[in-house]
Every structure is written in structure tokens, then in C-alpha cells.
Amino acid sequence: MKILIVANWKMNPQTLIEARELFNSVKNGIKDIKNVEVVICPPFIYLPKVKSQGSEIKIGAQDCFWEEKGAFTGEISPKMLKNFGCQYVILGHSERRKYLNETDEMINKKLKAALKANLKAILCIGEAKGERELAKTKEILKRELQKDLKGIENSKFEIKNLILAYEPIWAIGSGKSCQPAQVREINLFLAKILAQRQLRGVRILYGGSVNSQNADLYLKKAQSQGLLVGGASLKANDFLKILKKVSNS
Ligand code: PGA
């Protein structure tokens, strides 16, 4: 299976011209890159524009709602994304949990709706700095998984479309990435929980201050199956360096 590298542009860039430039630079730069599935998740309003540029790059959204249609002002449904040609959606990102008060119950509903619509759903989980300092990381992750994956079973959903992203909150945008050895320990822990729940084929990504220096270590040393890249995906050269490095690793 190809390594999965997901660019989370968050609320950037500020103009369509910049968005197109960034997308096209990545598109032109990845022509000789093999073994990597590249997904770009721009803000909603740029989705149609980058999609129309046509390329191997898959596109994803940074969120979706849990209902299919109706009176939900401002929301976008998984079905709309799917019908439009979006293949991926990021759910439960810690910034949404923090700034928009997204709860595990909401994330669980979104996840079910996204999987039902046949989107590949990237569920983000991770501990805060204080929780790690109190050695509560595994407890937090276990609790998040229990709630976020409630009712998600093999018999009801296409589990191979579920992807986990371990994103320690303290590592996001801080320049302080998590040590690959620590990520490896978490990956093993998460894999064990998934196995207990008979959820097979779920890939586990790492996210949090990934750059071209450390990217390959998460794949080689931590055995993550891909990366979720924020800041370093906003400069085409930086992102391309990451892609080249992981494709050679
Ligand atoms: P970062 O963000 O790479 O800027 O740390 C990662 C993320 O939030 O997904």
C-alpha cells in the first residue's frame, strides 16, 4: 500500500491565486514521485478550483457535517463532498475540538456519516501537553477512540476507509515534533486497540510539526503509514521535499 501524505492547509492561503499556485507547484513537482498517495485538503471554497486543475493528487475536506441535507446553515454534507469528487475528509482535528467545541459525540456522528458516504475519513486524536506530562497519553487516546469510534464496526462500515492520525496537540504548529520512538510506542498501542475491536486495515498517520528533516523517521522508525502535514504543506518546496524524502525511504 502506498504511503499516505495529507496536506492540511487549514485556513490558508488567503487568495485563490495563491491557492492555485501552491496546488500547481505541488502538481508539477510530484510527477516523478512514486509510492506516495498525495492528498491536499484546502479550505472548502478552493476545492472546486483546485479540483479543476486536474492531477493525480487526491483532494480532501477539513471537516463535514453529519446530516445528508437540510436546514443546517453553513454546513457541508459528506454526500456533497463525495458527489463533488472529494475522496478524503479530516475529522476531529484538535483545532476544531478547541475553537469550535467539537465533542467526541459530534465527531462520532460525523465519522459515521462520512464513512456511510464512502469518504475516506481521517480521524485525529492526540493528547495535550499537560496530559503527556502526567503520563496520561494512552488513557486519553483510549478514551477518545472509545467515544469517537462508538458503534463503528466491521459489519456496518467499510473499515478500510477509516484512517487514524495521531497528532499530539503540543506538537502541532509548535516546531516540537514528537520523538519517533514515542510515536512508535503509540502506534503499537493504537494498533492493539484496533485489533481488539476487529477493525482491520486502518492506517495510522502521524501529524505534528512534520518537516523535511523528520518526515522519513516517522515512517522508518515509528512505522507510521503516512503523515498529516500542516505548516510545511503551505510552501510547495517544503512539501515537495517531504514527498521526495518519504518516497525514497
Ligand atoms: P503542523 O500541523 O504540521 O503545522 O504541526 C499539523 C496538523 O495540524 O495537522
Side-chain angles (χ1 to χ4, degrees), residues 3-14 18-19 22-23 26 36-44 46-47 57-64 86-102 107 110-111 114 119-129 131-132 137 140-141 144 148 162-180 182-183 186-187 190 203-219 222 224-246:
I3 298 160
L4 180 61
I5 308 291
V6 184
N8 176 9
W9 284 5
K10 308 192 181 186
M11 203 169 70
N12 299 293
Q14 281 180 287
E18 291 168 286
L22 177 55
F23 187 87
V26 175
V36 183
E37 175 147 335
V38 183
V39 181
I40 291 186
C41 302
F44 281 130
Y46 299 145
L47 280 172
I57 300 172
K58 309 272 181 348
I59 57 166
Q62 298 172 19
D63 181 42
C64 68
C86 229
Q87 295 191 31
Y88 287 81
V89 62
I90 298 172
L91 292 172
H93 192 282
S94 60
E95 286 151 14
R96 297 196 61 83
R97 293 180 192 252
K98 178 176 171 190
Y99 298 116
L100 294 147
N101 293 328
E102 273 199 14
I107 293 158
K110 291 182 175 196
L111 203 51
L119 286 167
K120 295 186 200 300
I122 305 167
L123 169 65
C124 303
I125 53 170
E127 82 287 358
K129 187 166 178 273
E131 291 162 343
R132 177 166 278 263
T137 300
I140 297 293
L141 297 175
E144 279 190 315
D148 298 347
L162 174 65
I163 297 154
L164 279 190
Y166 170 52
E167 294 212 302
I169 299 169
W170 50 270
I172 295 176
S174 64
K176 296 188 191 112
S177 56
C178 190
Q179 291 301 314
Q182 291 175 329
V183 176
I186 297 301
N187 284 342
L190 297 174
R203 280 177 282 178
I204 308 177
L205 318 182
Y206 169 75
S209 294
V210 170
N211 57 40
S212 57
Q213 306 298 311
N214 61 24
D216 57 330
L217 302 180
Y218 292 106
L219 308 175
S224 301
Q225 287 144 315
L227 302 165
L228 185 48
V229 187
S233 72
L234 294 173
K235 290 201 184 114
N237 276 344
D238 291 353
F239 192 55
L240 286 168
K241 270 191 210 158
I242 292 177
L243 295 176
K244 285 189 183 129
K245 197 137 187 201
V246 303

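Both ligands and their constituent atoms are indexed starting at 1 by order of listing.
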Ligand-residue contact atoms, ligand 1 with His93, heavy atoms, under 4.0 Å: 7 (C), 8 (O), 9 (O)
Candidate with minimal heavy-atom separation from atom 4 (O) of ligand 1, of Ala232, Gly231, Ala7: Gly231
Main-chain N/O of Val210 paired to Ser177 side chain as donor or acceptor, under 3.5 Å: no
Closest to atom 5 (O) of ligand 1 among Gly230, Gly173, Ser174 (heavy-atom distance): Gly173
Closest approach of any protein heavy atom to atom 2 (O) of ligand 1, naming residue and atom: Lys10 NZ, 3.3 Å
Flag for Ser224-Asn187: side-chain donor and acceptor within less than 3.5 Å: yes
Check: Tyr166 and Thr137 side chains under 4.5 Å, non-hydrogen atoms: yes
Numbered atoms of ligand 1 (with element) below 4.0 Å of Leu228, judged on heavy atoms: 9 (O)
Residue portion contacting ligand 1 (non-hydrogen atoms closer than 4.0 Å) for Asn8: side chain
Min N/O separation Glu167 to ligand 1 under 3.5 Å: yes
Close side-chain approach of Ile122 to Val39, heavy-atom, < 4.5 Å: no
For Gly208 against Tyr206, the heavy-atom pair lying closest together: O-OH, 2.8 Å
Criterion side-chain hydrogen bond (donor to acceptor under 3.5 Å, both in side chains) against His93, the qualifying member of Glu102, Lys98, Glu167: Glu167
4.0 Å heavy-atom contact, Gly208 with ligand 1: yes
